[in-house]
A.B. asks: 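What follows is a structure written as structure tokens; I'll ask about it next.
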Amino acid sequence: LPDTECEESLVNSWCDFALINEPIDHERFASVPLFRDCMFAWVPVENDLSSRTSLTCADLSGQHLTELSLDYVQSKNTERLLRKRAHGYDILHVNEMIQILGHAIRDKRIGLTVRLHAETVNDERVRAIPLVHDTWAFSLCWSAGRFLSKADMALIDWFRGSPVSNVSH
């Protein structure tokens with residue numbers, strides 16, 4: 001589900017709350033940060049970078065990369081960082097996370113992903129390595145001018161204290 005659909009649902013009042021990837025448009029939305037983590041790279045074991053314990057965007061210079069389409073905020077964030085810190089790379093955009101993994105395994109491209117996917121894939125052909133300085137984060141959002149009821153506040157408080165949240169409040 002592209003990020004823009006969640007934002008559109010809030011703007012059009014099709015929902016009361018949505019989980020939206022950062023950066024948040026604070027002119028349109030109020031928010032509570034819930035989760036922040038680094039991105040990960042699926043690195044084929046044949047690639048020299050596969051022996052590293054962490055990577056930076058600069059380490060991706062000269063590499064063949066795969067990530068989700070630019071319909072996703074995180075892809076735009078990552079590409080902005082790559083333009084500043086890396087050179088000579090190429091990026092293939094796909095629509096599904098499983099396609100990223102497939103290109104890493106079959107085509108030996110480095111796949112950019114999040115921890116949830118990185119840690120659930122157990123395949124000896126790729127290593128999941130943290131991509132430090134490239135963060136992925138999301139917040140619970142609602143329309144900026146929306147009146148919050150007691151039930152809304154209870155929901156927000158629940159999210160702040162839920163296992164989903166790794167951000168201190």
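Computed from a predicted structure; not experimentally measured.
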A.B. asks: Hey, quick one: are Ile20 and Val11 part of the same hydrophobic cluster, counting side-chain heavy atoms closer than 4.5 Å, chains of contacts allowed?
C.D. replies: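 In one cluster with Ile20: Val11, yes.
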
A.B. asks: Other residues, nucleotides and ligands only: do more than 12 of their heavy atoms fall within 6.0 Å of CG on Asn122?
C.D. replies: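 Count not over threshold, so no.
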
A.B. asks: Would a 4.5 Å heavy-atom cut-off, applied to side chains only, mark Leu68 and Ile100 as touching?
C.D. replies: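 Yes; the side chains approach each other to less than 4.5 Å.
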
A.B. asks: Is Arg109 paired with Asp107 through a side-chain N to carboxylate O contact shorter than 4.0 Å?
C.D. replies: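 No, this pair does not count.
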
A.B. asks: Which is it for Glu79 and Ser75 under the side chain to side chain donor-acceptor pair (under 3.5 Å) test, yes or no, and what are the steps along the way?
C.D. replies: CA-CA 6 Å; Glu79 288 196 28; Ser75 296; 5.9 Å; no

A.B. asks: Flag yes if Leu34 and Val114 sit in one hydrophobic cluster, no otherwise; membership is Ile, Leu, Val, Met, Phe, Trp, Tyr, and two members link when side-chain heavy atoms are under 4.5 Å apart.
C.D. replies: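 Yes, one cluster joins them.
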
A.B. asks: Would you say His93 has more than 12 foreign heavy atoms packed within less than 6.0 Å of its NE2?
C.D. replies: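 Enclosed: over 12 neighbouring heavy atoms sit under 6.0 Å from NE2 of His93.
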
A.B. asks: Would you indicate whether Leu92, at its atom CG, is surrounded by more than 12 heavy atoms from other residues, nucleotides or ligands within a distance under 6.0 Å?
C.D. replies: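 Buried by this count: over 12 neighbours within 6.0 Å.
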
A.B. asks: Using the rule that Ile, Leu, Val, Met, Phe, Trp and Tyr join whenever any side-chain heavy atoms are under 4.5 Å apart, tell me whether Leu155 and Val32 fall into a single cluster.
C.D. replies: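 Result: yes, single cluster for both.
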
A.B. asks: For the residue pair Asp59 and Leu49, what are the closest heavy atoms and their distance?
C.D. replies: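 Nearest heavy atoms, Asp59 then Leu49: O-CD1, 3.5 Å.
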
A.B. asks: Hey, could you give me the CG/CD1 distance between Leu101 and Ile105, rounded to the nearest 0.5 Å?
C.D. replies: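 Answer for the CG-CD1 pair, Leu101 versus Ile105, is 4.0 Å.
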
A.B. asks: Please check if atom CG in Asp48 has more than 12 non-hydrogen atoms from other residues, nucleotides or ligands closer than 6.0 Å.
C.D. replies: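 For Asp48, atom CG is not crowded (no more than 12 foreign heavy atoms under 6.0 Å).
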
A.B. asks: Could you give the distance from OG (Ser51) to CD1 (Ile129), rounded to the nearest 0.5 Å?
C.D. replies: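 Those atoms lie 7.5 Å apart.
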
A.B. asks: Should Leu82 and Leu60 be marked as a side chain to side chain contact (heavy atoms under 4.5 Å, CB included) after you check the CA-CA gap, both sets of side-chain angles, and the distance that decides it?
C.D. replies: CA-CA 8 Å; Leu82 286 169; Leu60 300 179; 4.0 Å; yes

A.B. asks: With a 4.5 Å cut-off on side-chain heavy-atom distances among I, L, V, M, F, W and Y, is there a chain of contacts connecting Leu81 to Val73?
C.D. replies: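 As far as the 4.5 Å side-chain criterion goes, Val73 and Leu81 are not connected within one cluster.
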
A.B. asks: What's the spacing between Cys57 SG and His87 NE2 if we round to 0.5 Å?
C.D. replies: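 Nearest 0.5 Å value for the SG-NE2 distance: 12.5 Å.
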
A.B. asks: Hey, is CD on Glu96 packed in by over 12 heavy atoms from elsewhere, all under 6.0 Å?
C.D. replies: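 No, not enclosed.
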
A.B. asks: Any chance you could measure Ile110, atom CD1, to Gln63, atom CD, to the nearest 0.5 Å?
C.D. replies: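 Going from CD1 on Ile110 over to CD on Gln63, the span is 4.0 Å.
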
A.B. asks: Can Arg146 be said to sit on top of Phe17's aromatic six-ring, NZ or CZ under 6.0 Å from centre and within 45° of the ring axis?
C.D. replies: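 Yes, a cation-pi geometry holds between Arg146 and Phe17.
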
A.B. asks: Which is it for Glu46 and Arg125 under the salt bridge (Lys or Arg N to Asp or Glu O under 4.0 Å) test, yes or no, and what are the steps along the way?
C.D. replies: CA-CA 8 Å; Glu46 299 87 355; Arg125 296 170 289 181; over 6 Å; no

A.B. asks: Rounded at 0.5 Å granularity, tell me how far CZ in Arg115 sits from CE in Met39.
C.D. replies: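 Atom-to-atom, Arg115:CZ and Met39:CE are 11.5 Å apart.
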
A.B. asks: How far does CG of Asp134 sit from CG of Leu112, to the nearest 0.5 angstrom?
C.D. replies: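 With rounding to 0.5 Å, CG (Asp134) is 7.5 Å from CG (Leu112).
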
A.B. asks: Less than 3.5 Å apart, which donor and acceptor atoms pair up between the side chains of residues 136-143 and the rest of the protein, not counting sequence neighbours?
C.D. replies:
unit_1, atom_1, unit_2, atom_2, d
Trp136, NE1, Asn21, OD1, 3.0
Ser139, OG, Glu22, OE2, 3.0
Ser143, OG, Leu10, O, 3.4

A.B. asks: Under a 4.5 Å side-chain heavy-atom rule over Ile, Leu, Val, Met, Phe, Trp and Tyr, are Phe40 and Val126 clustered together?
C.D. replies: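 No, it is not one cluster - the side chains of Phe40 and Val126 are not joined through contacts under 4.5 Å.
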
A.B. asks: If you take all heavy atoms of Phe35 and Val167, which pair is closest and at what distance?
C.D. replies: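 Shortest heavy-atom separation between Phe35 and Val167 comes out as N-CG2, 3.5 Å.
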
